[in-house]
Participant: 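Before anything else, here's the structure in question.
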Amino acid sequence: TRNGSWEHELDSNLITKKFWSGAWRYEPSRHFISAFLAGKDLIKDSNVSFYFKISNAEMKRRMWFGWKEFKLRHPGISEVVENGNEILQNIVPLSLDVINPIAVDENAADPEIDSKEENVNVRTSHYPRDSYIESFCAIVHESRFTQPWPNISEKTINAMDNYRPFIMCAAPGTLQMLKDMGFKTFDKYWSEEYDDIISNKDRMVKICETIEYINSFSVEELREMYKDMESILIHNRENFANVQKYFDKLNQKIKKSFL
């Protein structure tokens, strides 16, 4: 059921930025996307969090694929990410709803727990509603990108709870799982081919291409698009009540397989 603020949350006039990209704990996929956003000069047009000061050499080493081969296959995106990471090193920390934000080095995984200083990078909220409402589309960095099966967490739920369309930086098949749960996605508005791509590096490239496509629209055009997708956004928020049915059916299917 919609709460009393739903009309405010769906007000397209409040959209002033193109993307929301919240990356708290370090993951190579989150680093890749954050560097891509910086390389495309999208930080200023987006609400982004990223805290890690990590060199290009170390960034490449942490990826789950060989960077030399990746650069040969995708020279354009690899250059954007390398250049973007150089930019990131000069502008981190990027923060959302955090007290005393500071950058952390390559030895950190959690910006607060692993900081060498006390009372820094203290989150004031795990539910940054205001920054969602300013943003057209949520880039959802799910907990696992490289595992072979889909998963969702509060990260996906938060985007839908705030009436945002989303791009899923997640395992293959995650969008399909959401559809199986009764949610609707946004293939009417942009390609969601990335969800079918098993190769993690190729899926990441396709996600970046989707981000570029959305970025080709002005904020004014995205506001109009947002109005057009309002029924989907409301449906997704109201579908939370039906998710238990999906898991009940799944549990029944699992039980039958053991009979």
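FYI, side chains are in, hydrogens and waters are out, and symmetry mates aren't considered; it's all heavy atoms of this structure. Throughout, numbering of the chain's residues begins at 1 and tracks the sequence.
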Participant: Taking NZ, NE, NH1 and NH2 as the nitrogens, is one of them in D195 or R203 under 4.0 Å from a carboxylate oxygen of the other?
Facilitator: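 Looking at D195 and R203, the cut-off is not met.
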
Participant: Once you round to the nearest 0.5 Å, how far does OG of S135 lie from CH2 of W20?
Facilitator: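 Atom-to-atom, S135:OG and W20:CH2 are 8.5 Å apart.
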
Participant: Would E82 and K71 pass as an ion pair if we require N to O under 4.0 Å?
Facilitator: yes

Participant: Check whether any side-chain heavy atom of R164 sits under 4.5 Å from a side-chain heavy atom of I15, and report yes or no.
Facilitator: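 Heavy-atom side-chain distance check passes, below 4.5 Å.
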
Participant: Could you pull out all residues at least two apart from K201 that satisfy salt bridge (charged side-chain N to carboxylate O under 4.0 Å, His left out)?
Facilitator: none

Participant: Check whether any side-chain heavy atom of V104 sits under 4.5 Å from a side-chain heavy atom of D114, and report yes or no.
Facilitator: no

Participant: Is it the case that the side chains of S21 and H141 hold a donor-acceptor pair, with the cut-off being a distance below 3.5 Å and no angle test?
Facilitator: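 The answer is yes; a qualifying pair exists.
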
Participant: Looking at every heavy atom in both N158 and H126, which two are closest together, and how far apart are they?
Facilitator: ND2-O, 3.4 Å

Participant: Is a donor from one side chain sitting under 3.5 angstrom from an acceptor on the other, for E142 and S153?
Facilitator: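 There is such a pair (donor and acceptor under 3.5 Å, judged by atom type) between the side chains of E142 and S153.
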
Participant: With under 30° as parallel and over 60° as perpendicular, where do the rings of Y213 and F217 fit, or are they tilted in between?
Facilitator: perpendicular

Participant: Is the shortest side-chain heavy-atom distance between L222 and K18 below 4.5 Å?
Facilitator: yes

Participant: Assess the side chains of N47 and Y132: does a donor N or O sit below 3.5 Å from an acceptor N or O?
Facilitator: no

Participant: Before we go on, tell me: are the rings of W24 and Y51 under 6.0 Å apart, centre to centre?
Facilitator: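 Yes, the ring centres sit under 6.0 Å apart.
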
Participant: Do the non-hydrogen side-chain atoms of I167 and C137 ever get within less than 4.5 Å of each other?
Facilitator: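 Yes; the side chains approach each other to less than 4.5 Å.
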
Participant: Within the structure provided, determine whether S143 and N151 are in side-chain contact (heavy-atom separation under 4.5 Å).
Facilitator: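 Counting from C-beta outward, S143 and N151 do come under 4.5 Å.
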
Participant: Which heavy-atom pair separates C208 from I33 by the least distance, and what is that distance?
Facilitator: SG-CD1, 4.0 Å

Participant: Check for a donor-acceptor pair, side chain of T124 on one end and backbone N or O of D97 on the other, with a separation under 3.5 Å.
Facilitator: yes

Participant: Is it true that E58 and R62 make a salt bridge, defined as a side-chain N closer than 4.0 Å to a carboxylate O?
Facilitator: yes

Participant: Any heavy-atom pair between the side chains of E212 and F36 that's under 4.5 Å?
Facilitator: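 They are in contact (side-chain heavy atoms under 4.5 Å apart), so the answer is yes.
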
Participant: Heavy atoms only: give me the nearest P165-F136 pair and the separation to one decimal.
Facilitator: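 Scanning both residues completely, I find the closest heavy atoms to be CD-O, 3.1 Å.
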
Participant: With no hydrogens and no angle check, do the side chains of N56 and E86 hold a donor and an acceptor under 3.5 Å apart?
Facilitator: yes

Participant: Using the test salt bridge (charged side-chain N to carboxylate O under 4.0 Å, His left out), find all partners of D41 that sit at least two apart in sequence or belong to another chain.
Facilitator: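 K44.
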
Participant: Using 30° and 60° as the class boundaries, would you call the ring planes of Y26 and F50 parallel, tilted or perpendicular?
Facilitator: tilted

Participant: So N162 and Y127, do their side chains get closer than 4.5 Å, heavy atoms only?
Facilitator: yes

Participant: L14 versus E9: any side-chain heavy-atom pair under 4.5 Å?
Facilitator: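 Answer no - side chains too far apart.
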
Participant: Between P172 and I197, which heavy-atom pair has the shortest distance, and what is it?
Facilitator: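 Residues P172 and I197, closest heavy atoms: CB-O, 3.6 Å.
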
Participant: Is the shortest distance from a Lys or Arg side-chain nitrogen in K116 or D105 to a carboxylate oxygen in the other one below 4.0 Å?
Facilitator: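 Salt bridge flag = yes for D105 with K116.
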
Participant: Angle class for the F32/W67 ring planes (parallel below 30°, perpendicular above 60°, tilted otherwise)?
Facilitator: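 Rings of F32 and W67: tilted, as their planes differ by 30° to 60°.
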
Participant: Is the shortest side-chain N to carboxylate O distance from E134 to R129 below 4.0 Å?
Facilitator: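 Between R129 and E134 there is no salt bridge, as every charged N stays at least 4.0 Å from the carboxylate O atoms.
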
Participant: On the 0 to 90° scale, with breaks at 30° and 60°, tag the W64-F145 ring pair as parallel, tilted or perpendicular.
Facilitator: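 Answer is tilted, since the angle falls between 30° and 60°.
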
